[in-house]
Amino acid sequence: MKAIEIRNKYLNFFKKYDHSVIPSAPLIPENDPSVLFNTAGMQPLVPYLLGEKHPAGTRLCDYQKCVRTNDIDEVGDNRHLTYFEMLGNWSLGDYFKDESIAMSYEFLTKELGIPAEKLSVTCFAGDEDCPKDTASAEAWKKVGIPEERIYFYGKGDNWWIAGEEGPCGPDTEMFYDTGKPACGPDCQPSCDCGKYVEIWNNVFMEYFKDKDGYTKLKNKNVDTGLGLERMAFLLQGKETPFDTELFKSVMDKLEELQKVDSIRSRRVIADHLRASIMITCDGGRPSNVDRGYILRRLIRRMIRHMNNLQINLNELGNIIDVEIEALKEMYPELDQNKKDIRNVILAEKDKFVKTLNHGEREFQKEIKKLEGTKVVPGRVVFRLYDTYGFPPEVTKELAEENGMEIDMKEFEKLFKEHQEKSRQGAGQKFKGGLAEQTETTIAYHTATHLLHEALREILGEHVKQSGSNITEERLRFDFSHPQKMTKEEIKQVEDLVNEQIQKDLKVTCEEMSYEDAKKSGAIGLFTDKYGDRVKVYTIGDFSKEICGGPHVTHTGNMGRFKIKKEESSSSGIRRIKAVLIKED
Ligand code: SER
C-alpha cells in the first residue's frame, strides 16, 4: 500500500467516525517561535488541547508535516527520518480511551489488514503523579488483544509531553511485530532490537504540567500520532522507508550517478534532500541562525555525502526534480513552488562549494597541528564553521575519517555564545510560545488586533500583517508599509489603541465559513490554517479579524499601550514592538 493510500484511508476512516479533516499547518509554526519546526501533529493544536474551542468541532483528524532534528546524526540508519508525516486524530473533550482504542484497532486490523497477532500494546504503569492505566488495558482486552501482549511501562515509555511543560498524559502505544526472531527471552516492545516497531501512539491528555507540577486540564483529550513512512515500509514488507516509493526513485538515481558505493550516504542524501525540499517549500531559507541554520546544515551535509559518492554536483538540480516528482502527488504545493525550491537549494550548494575546498584544506592543516591527539578541539570546529561555513557534522565526519573525534560540547558552547551575539539588538528571544498562554500573552494578542486596525486607520488600508510574535514582555508586529512612521503617526496609533482600551470594548467571537468571514469585512490572515470554518473575533465596533484566539473578554483591563520601537524589518515591511503597561 502506497503512503498516499494509507493517508487517504486514514482520513476517510476517521471521517466516517465524524471527525473533521483539517489541513496540515505549515512546517514552520506561525505564532510559536519556541519551536523551530512542527515536530508533532498536536503542536498546532495546543490552544485547543488547552480548552479553546476549535471551529471544526471536537473530533479532528489530519496529516501533519513534521521535522525533527534531534536525530540528525542517526539519519542513514534504517529508521530515522528528518522530515516525516504524522497522521493524527483528536478528541477535544469528546471520546476518550475506550473509543479511541477501538477505532485504532479497527483501523489497523480492518482498513490496513494487519493480522491481530502482529500487534502488541503498551500502557502506563502508574506512579505518584498518575495511576496505572488499567482502563486502556481493559479497552485493549475488549477489542481482542490478549493479556500477554499488553505491557506496562513507566513515564520513560508511556507518558507524552512536548518538551518540559504543556498538556500531557499517559499514552498507549501500538507495536508491529516484524516477525524477526526475538533477541532473547526478555525481548519486549520496549526493546531496540528491531523485532517490534512502534506504529501508533494514543495520548490521553488530561494533565497540564508546569514548573509547579501537574494540574487537570479542562477537558479530557485524545491526541494520536501515526508515523506514515514507518507504516508504509512495514505494510510494504520493506526493510526501511528508503525502499518505499517516497525515496526509491531518488535512491535509484543516486546509485546510477555514484562512482563510489555507500548505502548510508545515499540515505543521508535522500533524507536531507526531502527535508530541505519540504522546509524550503514552506518558506524556510538557509541562514546562520535557528531554523535557517538547520536548513543550511541539511543542505551542506547532503552535498558532503554527494562528494563521498563522487556524484557530480551539477546533477543536484536533476535529483531535486526526481524527488519532487515522487512527492508531488502527496504535496501538490511542491509542484507550484518547484522553481523557488530549486533556486534556494542550488544557491546554497554553490555557496558551500566555494568554501568547501578551502575549508577542507584548512581542516587538513589543523589536523597536522594536532598530530598525536585524538580530539579536535571545539574552537577549531567553531572556526571552521564560522569562517568556512563547515557544519560541525561535516567536521565530525572528516575527523572520523582521520580516526579522530570532535569536542562537540565546546563547539556548542561557542556556538551558543555566537548565537546570543547575533541576536543582540534583535530583541529578546521568545520563550514559551502558544503552550504558555497567560493573562498577559492573551492581552497582548488582543492588543495586536487593536494595533493592526489602528495602523490601517492612520496609515491606510495597504497595511497588512506579515508577522507577529508575543512574549510575556511585549508584542512584536510586522506589517507592510513603504516608509518609516513619523513620530506623529506613532502617537496617533497609540492614542487610537488606548482609546479602544479605555472604552472597555466587548470582545466577541463567532464561527462562520471563510467566505462569510470575508464578506463580513473581517481582515483575513491565516487563511489556510483553519480550513473552511473560521473564527472571527470582533472588538466593539473597532476591529474584526479572522483568528484562532484566545482573547480577553473586555479590553478595559489590558493596561496602557505604548510603542517602544518602530523599525524596518525587511524591504517594504516595518516592525513595531509595543508593551502594555499596567498602572494600578
Ligand atoms: N503527540 C504524540 C506524538 O507525537 C501523539 O500524536 O507521538
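For ligands, and for the atoms within them, numbers begin at 1 and follow the listed sequence. Keep in mind the model is a prediction, meaning the values are calculated, not measured.
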At less than 4.0 angstrom from any non-hydrogen atom of Ala40, what atoms of ligand 1 do you find?
4 (O)
Proximal atoms of ligand 1 relative to Met42 (non-hydrogen, under 4.0 Å):
1 (N)
Atoms of ligand 1, numbered as shown, that sit under 4.0 Å from any heavy atom of Met86
4 (O), 6 (O)
Using a heavy-atom cut-off of under 4.0 Å, does the side chain or the backbone of Asp171 touch ligand 1, or both, or neither?
neither
I'd like to know if the side chain of Arg230 reaches the main chain of Glu198, judged simply by a donor and an acceptor atom lying under 3.5 Å from each other, with no hydrogens or angles considered.
yes
Using modelled atom types only, decide if a donor and an acceptor are shared between the side chain of Thr178 and the backbone of Lys195 within a distance under 3.5 Å.
yes
In terms of atom number and element, which parts of ligand 1 are under 4.0 angstrom from non-hydrogen atoms of Val203?
2 (C), 5 (C)
Could you walk me through whether Glu165 and Lys211 pass the salt bridge (charged side-chain N to carboxylate O under 4.0 Å, His left out) check?
CA-CA 7 Å; Glu165 296 182 7; Lys211 50 189 180 323; 5.7 Å; no
Can you establish whether the number of heavy atoms outside Lys118 located under 6.0 Å from its atom NZ is more than 12?
yes
Hey, which atoms in ligand 1 end up nearer than 4.0 Å to a heavy atom of Gly225?
5 (C), 6 (O)
Considering heavy atoms of the protein only, find what lies nearest to atom 4 (O) of ligand 1 and give residue, atom and distance to 0.1 Å.
Trp160 CZ2, 3.1 Å
Heavy atom of the protein closest to atom 7 (O) of ligand 1 (residue, atom name, distance)
Asn201 ND2, 3.1 Å
Lys/Arg-Asp/Glu bridge criterion (N-O < 4.0 Å) met for Lys155, Glu128:
no
Side chain to side chain donor-acceptor pair (under 3.5 Å) partner of Lys97, chosen from Thr172, Asn202, Asp133
Asp133
Taking the non-hydrogen atoms of Arg68, is any one of them nearer than 4.0 angstrom to ligand 1?
yes
If we number the atoms of ligand 1 from 1 as shown, the ones under 4.0 Å from a heavy atom of Asp223 are 1 (N), 2 (C), 5 (C), 6 (O)
Identify whether the distance between the nearest side-chain nitrogen and carboxylate oxygen of Asp282 and Arg291 falls below 4.0 Å.
no
